Engineer: 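Right, I'll just put the structure down here and ask away after.
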Amino acid sequence: MTENIFTLLTQEVRGALAALVPDLPPEALARVQVEPPRDATHGDMATNAALVAAKPARMAPQKLAAALAEKLLALPMVVEATPAGPGFVNLRLDEDIWRAQVPVVLRAGEAFGNSTLGAGVRANVEYVSANPTGPMHVGHCRGAVVGDALANLMIKAGYDVTKEYYVNDAGNQVLALGWAAYWRYLRAVTLDADEWNAEATEQRFGTTLQYRGDYLVAVGDALAERFGEQIMARRIEPGMLAAEETVSAFAPALERGWLVRTNWLDTARETAVAMMMAEIREDLAKLGVTHDVFVSERALVEAGGVDAAITLLGEKGLVYQGVLEPPKGKTPDDWEPREQLLFRATSFGDEVDRPLRKSDGTGTYFANDIANHQHKVDRGFAELVHVWGADHGGYVKRMAAVVAALSDRRVSLDVVLTQIVQVVKGGEPVRMSKRAGTYVTLSDLIDEVGRDAVRFTMLTRKADAQMEFDLDKVVEQSRDNPVFYVQYAHARCRSVLRQAEATDAALVAGLDAAPLDALTDPAEMALIRRIASWPRSVEAAATAREPHRIAFFLQDLASDFHVLWNRGRDDSTLRFIRAEEPEATRARLALVAATATVIRSGLGVMGVTPVEEMR
RNA sequence: GUCCCCGUAGCUCAGCAGGAUAGAGCACAGGAUUCCUAAUCCUGGGGCCGUGAGUUCGAAUCUCGCCGGGGACACCA
């Protein structure tokens, strides 16, 4: 863990305040903050300590600020402490304190910014969890990137993180997938696409083919290769059916004169799910997203997880048979009172109680999700985080209620919602349609603009803000493309270091011991301050569960660096490498190396690869 | 009708758990640039932070109402 100049100073200020006001309540002390003021002319740091303590201390804030300023001035790192405004104390720090952060960065490397904030708390971050019913498209992409970056961020902030994917391999969706795969199999094995066109198939089997995309052709082929004609549907001839066969046959098909065994459907479904998951994992790998754990919904259900969770809730007195009120406002046309098994979600802040079983007694999706969360609680996670699409926003309260109920309020659930991404090319929206060929897959997107551009761009907006993804802009090499701007800063750093090394390898050796007194220019000091604030940014972003802040930090850092670089164009004495000033050169190279290190540290959180040069 | 999210410069968006004179990029206006550190740079104008109250030393930030935009609203997943 790297020492953090901000937390260090906060402790000092709190200590000084406590000495000044001995009986100050701890709550007041906790509200004391030390942070860089908005307006840099106010100094390096400002504290609200006197404002916070004025009331409990029964002292005028300005007066307390003056006393505090005097006390803080005694600290070796503080060179100036002045009361200001309504009761702030502005602090100017010894510039050496700032410069001393440079070797701290160089010694820590990319670990600079790691924090103990999370205190090793076990956190489970679940994201992507796309249904295994087809390849990933751009809609899934944002959640994948946000989730992965958030998990990385929490790891950096000191949490013990498990990255998890919940596979929705139970329920009607994958059943429909099974049918579609079976249909593709029939076409493959009979080699007759006309005979087995979609409409004819639906009529023969009395079912609906929801998934007609080409991506299931490979599944059909695989089934055909493995089973040949073994699992083929058969037209029923008089007297051919054994009792055993009618039991295992899919009834609507049977009625229509076709034999389709349900275990064949299971096979088709399992094969399809396995192949889709393999493809999804490939896509994720392409995006650089990895998960530690894949949890199967089906496995949870088959292991009795749903019943166990409901039983547990029942033991807590949170389950009952009841009838829900119709929703306020517009009542659905087909609404009728139904008695169902309900979970008392209202006891945990939800608006209404939520159904655990449908009126026919089968489990709801919600019930399965309870098992999923029970599974997490059982594994000992103290904090659960989900990344969901914004269309699932209505689901948050009931899930939070369940987690609170299952864990007796010990485990927290945070849900990060991600808004829609609209892909744009040449000013025109790129249409997404699952049915037609204009389906923009994640894989296509990565092929088009590259993985790093995709990941970075997905983090340039707050997760719950809608985003336009402009295919032309994200590969543009200019100031207004943040991906380029940040990468370019890193490449420039590396270029300088390479050049220095080529000139004289001794220049770049042991930079963490280089004297830094030559770093005096305001642009250099601004860059150092930015670098020093990286640990603080990590903690703030992790606390808020907002990985996009890392992208913004990196843009600011890159900007500080580019400003310094540009100053060297006008004023050659500010260039990094100056043959006539070896000591200044060493100091600046140390700063450049530290800048590159922090950029790498930040890009690491985002899962973006830093480049060595722009080509 | 209920719940959730959003409303900040002409545009796209930040705003760090309430702080001092609200920021950045684009666009706009003026200026610099035979540099070699290519993929520009510097300066400037521009704002009732949707609106009305409240909380307090202090509100873009927290609370409530209203206006406007988006989303979700028995048994689907």
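In what follows, every chain begins at residue 1, and chains take the letters A, B, ... in the order their sequences are listed. Here the structure is a predicted model, which is why all the values come from computation and not from measurement.
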Engineer: Counting only side-chain nitrogens and oxygens, does A/K462 get under 4.0 Å of the OP1 or OP2 atom of B/C13?
Structural biologist: no

Engineer: Ignoring the backbone of A/M614, work out which of B/C3, B/A39, B/A77 is nearest its side chain.
Structural biologist: B/A39

Engineer: Pairing check on B/C35: which nucleotide meets the Watson-Crick or G-U wobble criteria with it, both distances under 3.5 Å?
Structural biologist: none

Engineer: Take atom P in B/G15 and the same atom in B/A20, then report the distance between them in whole Å.
Structural biologist: 16 Å

Engineer: Mind calculating the distance between CG (A/D571) and P (B/A32) to the nearest angstrom?
Structural biologist: 19 Å

Engineer: From the set B/C41, B/A20, B/G15, return the single nucleotide nearest to any side-chain atom of A/H42.
Structural biologist: B/A20

Engineer: Quantified in whole Å, what is the P atom distance between nucleotide B/G19 and nucleotide B/U63?
Structural biologist: 15 Å

Engineer: Does the aromatic ring of A/H392 sit over the six-membered base ring of B/A72, closer than 5.5 Å centre to centre and tilted less than 30°?
Structural biologist: no

Engineer: Before you tell me yes or no, could you show the steps for A/M399 and A/H392 under side chain to side chain contact (heavy atoms under 4.5 Å, CB included), namely the whole-Å CA-CA distance, both residues' side-chain angles and the distance that decides it to 0.1 Å?
Structural biologist: CA-CA 11 Å; A/M399 223 57 253; A/H392 286 67; over 6 Å; no

Engineer: Report which part of the nucleic acid A/F576 touches: base, sugar-phosphate, or nothing (heavy-atom distance under 4.0 Å, all strands).
Structural biologist: base

Engineer: Atom CD of A/Q555 to atom C1' of B/C26: distance rounded to whole Å?
Structural biologist: 13 Å

Engineer: Counting only side-chain N and O atoms of A/R492, is one of them less than 4.0 Å from OP1 or OP2 of B/A39?
Structural biologist: yes

Engineer: Using the P atom as the point on both nucleotides, what is the distance between B/U8 and B/G52, in whole Å?
Structural biologist: 16 Å

Engineer: Looking across every strand, which nucleic acid part, if any, lies under 4.0 Å from A/S359 by heavy atom: base, sugar-phosphate, or nothing?
Structural biologist: base

Engineer: Paired with B/G19 by Watson-Crick or G-U wobble geometry, both distances under 3.5 Å: which nucleotide is it?
Structural biologist: B/C57

Engineer: For A/F366 and for A/L574, find the nucleotide of RNA chain B with the closest heavy atom, then tell me which residue's nucleotide is more 5'.
Structural biologist: A/L574

Engineer: Base, sugar-phosphate, or nothing: which does A/G393 touch, judged by heavy atoms less than 4.0 Å apart?
Structural biologist: nothing

Engineer: Begin with the C-alpha distance, continue with both residues' side-chain angles, and end with the deciding distance and a verdict on salt bridge (Lys or Arg N to Asp or Glu O under 4.0 Å) for A/D556 and A/R529.
Structural biologist: CA-CA 11 Å; A/D556 290 340; A/R529 288 194 180 91; over 6 Å; no

Engineer: Contact class for A/A84 vs. all strands (heavy atom < 4.0 Å): base, sugar-phosphate, or nothing?
Structural biologist: base

Engineer: Could you measure between the two C1' atoms, the one in B/U2 and the one in B/A74, and give it in whole Å?
Structural biologist: 14 Å

Engineer: Nearest whole angstrom, please: distance from the C1' of B/C5 to the CD of A/Q419.
Structural biologist: 8 Å

Engineer: Could you let me know what B/G7 is paired to, Watson-Crick or G-U wobble, both distances under 3.5 Å, or none if it's on its own?
Structural biologist: B/C67

Engineer: For A/E325, does the CD atom sit with more than 12 other heavy atoms under 6.0 Å from it, leaving out its own atoms?
Structural biologist: no

Engineer: Does B/G1 have a Watson-Crick or wobble partner in any strand here, with both distances under 3.5 angstrom, and which is it?
Structural biologist: B/C73

Engineer: Say we look at B/G46 and B/G7: how far apart would their P atoms be, to the nearest angstrom?
Structural biologist: 24 Å

Engineer: For B/A14, give its Watson-Crick or G-U wobble partner with both distances under 3.5 Å, or none.
Structural biologist: none

Engineer: Mind listing the N/O atom pairs, protein and nucleotides 8-12 of chain B, below 3.5 Å?
Structural biologist:
residue : atom : partner : partner atom : Å
B/U12   : O2'  : A/R461  : NH1          : 3.2
B/U12   : O2'  : A/R461  : NH2          : 3.3

Engineer: Please tell me which of A/D464 and A/A46 maps to the more 5' nucleotide of RNA chain B, matching each residue to the nucleotide holding its nearest heavy atom.
Structural biologist: A/D464

Engineer: Measuring to OP1 and OP2 of B/G19, would you say a side-chain N or O of A/N48 lies under 4.0 angstrom away?
Structural biologist: no

Engineer: Which value, in whole Å, describes the distance between the P atoms of nucleotides B/C41 and B/U34?
Structural biologist: 16 Å

Engineer: Sort out the partner of B/C28 for me: Watson-Crick or G-U wobble, both distances under 3.5 Å, none otherwise.
Structural biologist: B/G44

Engineer: Under 4.0 Å between a side-chain N/O of A/Y488 and OP1 or OP2 of B/A39, yes or no?
Structural biologist: yes

Engineer: Apply side chain to side chain contact (heavy atoms under 4.5 Å, CB included) to A/E524 and A/L564, showing your working.
Structural biologist: CA-CA 7 Å; A/E524 290 170 334; A/L564 185 57; 3.6 Å; yes

Engineer: Report the distance from atom CZ of A/R530 to atom P of B/A24, rounded to the nearest whole Å.
Structural biologist: 11 Å

Engineer: Please determine, by modelled atom types, if A/E539 and A/S115 share a side-chain donor-acceptor pair under 3.5 angstrom.
Structural biologist: yes

Engineer: Which whole-number value in Å describes the distance from A/F552 CZ to B/C13 C1'?
Structural biologist: 6 Å

Engineer: Students often mix this up, so state it plainly: with edges at 30° and 60°, are the rings of A/Y485 and A/H562 parallel, tilted or perpendicular?
Structural biologist: tilted

Engineer: Above 12 or not: heavy atoms from other molecules or residues under 6.0 Å from CZ of A/R31?
Structural biologist: no

Engineer: Show the numbers, then the answer: is there a ring pair (Phe, Tyr, Trp, His ring centres under 6.0 Å) between A/Y166 and A/Y365?
Structural biologist: CA-CA 13 Å; A/Y166 180 59; A/Y365 177 80; 7.3 Å; no

Engineer: How far does the P atom of B/A53 sit from the matching atom of B/A59, given to the nearest Å?
Structural biologist: 14 Å

Engineer: CG/A/L507 to OG1/A/T585 distance, rounded to the nearest 0.5 angstrom?
Structural biologist: 6.5 Å

Engineer: Inspect the contact between A/R578 and A/D571 and indicate whether a charged nitrogen and a carboxylate oxygen are less than 4.0 angstrom apart.
Structural biologist: no

Engineer: Rounded to the nearest Å, what distance is computed from the CG atom of residue A/D472 to the C1' atom of nucleotide B/C26?
Structural biologist: 16 Å

Engineer: Expressed as a whole number of angstroms, how long is the span from A/R549:CZ to B/G23:C1'?
Structural biologist: 15 Å

Engineer: Would you mind calling B/A17 syn or anti? Take O4'-C1'-N9-C4 for purines or O4'-C1'-N1-C2 for pyrimidines, and syn is within 90° of 0.
Structural biologist: syn

Engineer: Once hydrogens and angles are ignored, does a donor-acceptor distance under 3.5 Å link the base of B/A77 to the side chain of A/N368?
Structural biologist: no

Engineer: Check the distance between B/C5's P and A/I420's CD1 and give it to me in whole angstrom.
Structural biologist: 17 Å

Engineer: For atom P, what is the distance between B/G10 and B/G65, given to the nearest Å?
Structural biologist: 30 Å

Engineer: Under 4.0 Å between a side-chain N/O of A/H548 and OP1 or OP2 of B/C16, yes or no?
Structural biologist: no

Engineer: Classify the angle between the aromatic ring planes of A/H548 and A/F552 as parallel (below 30°), tilted (30 to 60°) or perpendicular (above 60°).
Structural biologist: perpendicular

